[in-house]
Amino acid sequence: MRLDELFPSAAAHLPSTEVSDSALAEPQGVVQVASLLQRRQRELLQSPFLMAEFSHALLTDIQALETGPAIAAPARPVLAMLVCWTPARQGFDHTQPLEMWRWLHSALGAPVSVEAGEATADIEPLVQALRDPVWAPTATGALLLLAPVLFYLNNNAHSADELAAALWPTVVDACRVRLATGDVHVVEAATQVVKYLVWKKHREEACALGHALERLLYADPQHPLAGGIAVLLAGESPAISHKDPMVIARWALATVPLNPFAALSLTTTLSVRMAAAERAAFFPTVLSQLRDVAALVSQETDPAQLSRDRGVLLSMQNPLVHTLLNEGPHENLRQWLSAWRGVPPEDARDDQCLLLANAGSRVWYRPGTAPDPDDDASLIRLTSAMNKALGRALVTRAMSDTALTTPATGRTSREHADALEAALRAHLDVADLAAFARKENAAAFVSMLPSLTPLQGLLARQGGPVLPISVSLRPPLADRSVRRVQMWCGDAPYAQAEAAVLQTVFTYAGIQCDVVGHDGVTRQRFLDAYSSDDYDVIWVAAHGHHPLLRPDDSAVVLTSTEQVFLQDLTAAPVPSTSRRRLLVLNTCDSAAANAQGPYDDFGLGRSIAGPGQAVIGHLWPVSGGAAVVFGALLAIELADGSTFADAFATALCALQENWSALAKRLGDRGIGAAIAEALQDFQTPCLLDWASPAFLE
């Protein structure tokens with residue numbers, strides 16, 4: 001039988017290689033067939049779309065195989081796992097939880113398409129294969145290949161909980177038996193499942209596997225994964241090793257060939273466990289290593305992957321970040337964050353920026369007040385409320401979710417807005433944050449919170465201060481004086497009304513306002529204007545596109561036929577001048593970010609804000625009326641000569657006023673007629689309307 005005949009759906013990508021008619025009747029034949037298929041997958045890696053399409057077609061054919069004398073029943077689950085391993089491993093290597101989730105569930109259930117928001121897994125065929133004495137070794141080996149993906153998802157993305165709960169005993173038993181061989185796949189599976197065992201409080205099993213890893217580490221310090229083993233054992237508290245974790249860390253730093261990431265992790269672990277005075281003296285060493293690693297990360301040319309890599313680096317360093325946050329003053333923390341972001345010391349901000357981070361029970365920003373990191377109730381409540389109100393599928397630890405994504409619409413729900421506001425206020429003490437920001441004379445926030453947290457909107461509701469969110473961690477240039485504004489009028493509701501408002505407000509103030517109407521809007525024309533130095537403010541009134549399962553494909557939808565993708569904006573240069581300009585993306589989701597990685601750092605506004613360009617956008621889909629009313633308030637403040645940040649803060653605070661006061665404020669500026677219909681739609685605003693704007697720098 002030929003390979004392309006065995007898998008007809010994938011035949012276009014397969015050679016006409018002959019395989020035995022009984023190749024799928026016994027384990028060795030299945031491994032040989034899988035090896036041929038994996039070789040073809042690797043050849044297609046340079047074209048991820050084709051590789052995924054090929055793998056999906058193979059799975060469809062595997063499901064259609066009729067079992068009998070020539071095809072053993074266990075061959076199907078084993079072959080499916082081996083086929084899914086290559087794309088799942090790609091997701092693992094590039095820290096893409098969605099890809100890991102997709103291919104893990106495809107291996108244990110029906111093939112999952114890229115657009116799927118949910119999936120089911122049926123492990124019974126795998127269980128039967130594991131019970132078959134002939135097939136058990138091969139089935140176990142296939143499971144161990146996928147185990148790092150499964151337990152990474154559960155440990156870091158808090159997903160696939162039912163699968164992890166069902167399969168961990170098999171993985172642990174297999175690791176115990178095979179770990180002494182030093183097989184890298186077994187070691188990798190063991191290091192991931194140990195973290196799961198610690199989290200789930202399976203203390204006896206965690207220690208047994210930890211001791212086995214410790215023996216392997218000391219017996220073979222040259223092992224390819226020795227650094228990873230050392231990082232795991234040194235970082236666990238209470239210890240899962242016989243030796244003290246600090247002893248392991250120091251020994252590994254002196255003995256084991258370490259890549260820069262492992263060396264930094266071990267150095268960080270030592271630092272966190274030191275007394276405050278010793279840590280302060282040791283901090284320059286940590287900072288130097290961090291800068292070296294950040295320089296390596298910064299070599300990544302794909303902005304999306306660069307964001308994911310930075311997120312991984314941040315997650316590795318979380319214990320030290322929280323230690324520095326709790327100690328205060330924050331000079332060391334500021335230096336650490338700048339180094340992490342790849343900002344040279346001479347280019348780093350040196351003004352007072354407040355760091356906000358989640359720490360289980362609440363948002364944390366005051367030194368010396370670390371909350372209980374194991375109290376997840378508040379965060380679970382907030383995540384659930386965000387999912388309901390914002391149409392998201394976020395997952396946090398301890399939520400009973402078996403998939404990384406659940407059906408997510410991306411549409412806001414006003415009926416859940418009040419519950420979201422209540423959950424936000426329970427998780428973030430807004431009044432205390434406002435008081436602390438004033439006391440510290442803070443200039444900006446550095447937020448490690450989920451990007452959907454409407455930090456500035458909540459503070460505006462409180463009466464301020466509404467501070468910028470520093471995403472670049474570089475000092476902003478002085479603002480340009482607003483003399484020339486270019487407004488792009490797309491297909492969004494009320495876009496024409498917004499154009500009329502801007503022309504009235506800016507022209508009356510003596511500011512040139514050029515409107516690019518629908519007929520003149522093209523992607524290339526926008527990018528040319530974006531890269532030029534002609535305007536002090538570029539303003540877009542259009543739709544925004546933020547696909548939840550493919551957030552890297554976000555775009556500003558100028559018209560039904562013209563859109564500017566996130567990759568277009570990150571590739572386009574911002575004109576280099578001594579002053580910064582303002583980009584207003586009065587569109588849905590323009591301040592949102594990819595929420596599926598370790599850190600929300602990649603999105604339309606977040607990826608292009610920096611010293612030379614401030615960006616104002618929206619955190620989620622916003623109604624046309626709310627967008628135009630906010631835009632009018634912002635234009636008024638800019639026309640009156642306020643700085644970009646002050647104009648945003650004043651406009652956002654004014655957006656909280658009652659309807660009558662708003663109507664009078666806008667009517668007094670001569671734009672009442674132009675904005676009347678939009679203002680009518682804004683009569684009963686909720687959090688979804690008044691909290692979505694964000695200012696990024």
Side-chain angles (χ1 to χ4, degrees), residues 92-95 148 152 155-156 182 184 187-188 190-192 194-195 198 210 213-237 239-241 243-276 278-300 305-324 332-333 335-345 348 598-599:
F92 182 82
D93 288 342
H94 292 88
T95 325
Y152 178 93
N155 295 332
N156 297 280
V184 292
V187 174
E188 208 166 38
T191 56
Q192 290 294 334
V194 161
K195 298 174 188 175
V198 170
L213 286 165
E214 184 181 11
R215 287 193 294 272
L216 177 62
L217 173 64
Y218 277 85
D220 185 8
Q222 305 299 311
H223 189 281
L225 296 182
I229 298 172
V231 168
L232 169 70
L233 298 178
E236 288 302 327
S237 180
I240 57 170
S241 54
K243 288 183 168 58
D244 182 271
M246 293 278 278
V247 172
I248 293 176
R250 289 194 172 96
W251 174 84
L253 284 167
T255 308
V256 175
L258 299 169
N259 65 46
F261 290 86
L264 176 61
S265 291
L266 289 170
T267 303
T268 300
T269 297
L270 285 173
S271 175
V272 169
R273 294 175 184 239
M274 291 174 177
E278 186 181 7
R279 178 166 45 252
F282 191 61
F283 183 72
T285 301
V286 180
L287 198 61
S288 175
Q289 288 191 354
L290 175 62
R291 289 195 174 109
D292 291 342
V293 172
L296 291 175
V297 169
S298 297
Q299 293 175 12
E300 173 60 57
Q305 188 57 45
L306 174 60
S307 170
R308 286 187 283 267
D309 291 346
R310 281 196 183 124
V312 171
L313 182 55
L314 178 66
S315 64
M316 289 167 48
Q317 298 281 285
N318 264 336
L320 179 57
V321 173
H322 278 226
T323 298
L324 295 175
N332 284 351
L333 179 58
Q335 291 182 41
W336 189 98
L337 289 168
S338 297
W340 160 71
R341 197 63 170 72
V343 180
Y599 176 60

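Just so it is clear, the structure is predicted and the values come from calculations on it, not from any experiment. Numbers here are sequence positions counted from 1. Below, each value reflects all heavy atoms present in this structure, side chains not excepted, and no hydrogens, waters or symmetry copies.
Taking the side chain to side chain contact (heavy atoms under 4.5 Å, CB included) definition, one finds that P148 meets it with F92, E188, A189, Q192, sequence neighbours left out. Listed by chain and number, the residues in a ring pair (Phe, Tyr, Trp, His ring centres under 6.0 Å) with Y218 are W251 (sequence neighbours excluded). With sequence neighbours left out, the salt bridge (Lys or Arg N to Asp or Glu O under 4.0 Å) criterion links E236 to no other residue. Qualifying side chain to side chain contact (heavy atoms under 4.5 Å, CB included) partners for R310, counting only residues two or more places apart in sequence or in other chains: V297, S298, L306, W340, R341, D601. The side chain to side chain contact (heavy atoms under 4.5 Å, CB included) search around Q222 returns D220, P257, not counting sequence neighbours. Here H322 pairs with W364 under the ring pair (Phe, Tyr, Trp, His ring centres under 6.0 Å) rule; sequence neighbours left out. With sequence neighbours excluded, no residue forms a side chain to side chain contact (heavy atoms under 4.5 Å, CB included) with A294. With sequence neighbours excluded, the residues satisfying salt bridge (Lys or Arg N to Asp or Glu O under 4.0 Å) with R279 are E327.
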Test side chain to side chain contact (heavy atoms under 4.5 Å, CB included) applied to V256 and L217, step by step
CA-CA 9 Å; V256 175; L217 173 64; 4.3 Å; yes
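Rounded to the nearest 0.5 Å, atoms CG (L264) and CZ (R291) are 12.5 Å apart. Atom CG in N156 sits 9.0 Å away from atom OG1 in T95 (nearest 0.5 Å). The distance from atom CG of L320 to atom CG of N332, rounded to the nearest 0.5 Å, is 9.0 Å. Within the model, atoms CG of L337 and CG of L324 stand 8.5 Å from one another, a figure rounded to the nearest 0.5 Å. The CG atom of L233 lies 10.0 Å from the OG1 atom of T191; values are rounded to the nearest 0.5 Å. In this structure, L232 CG and E214 CD are separated by 11.0 Å, a value rounded to the nearest 0.5 Å.
The two residues A190 and L213 have their closest heavy-atom pair at CB-CD2, 4.1 Å.
Applying the side chain to side chain donor-acceptor pair (under 3.5 Å) definition to pairs two or more places apart or across chains, those involving residues 259-274 are T267-Q289, T268-Q317.
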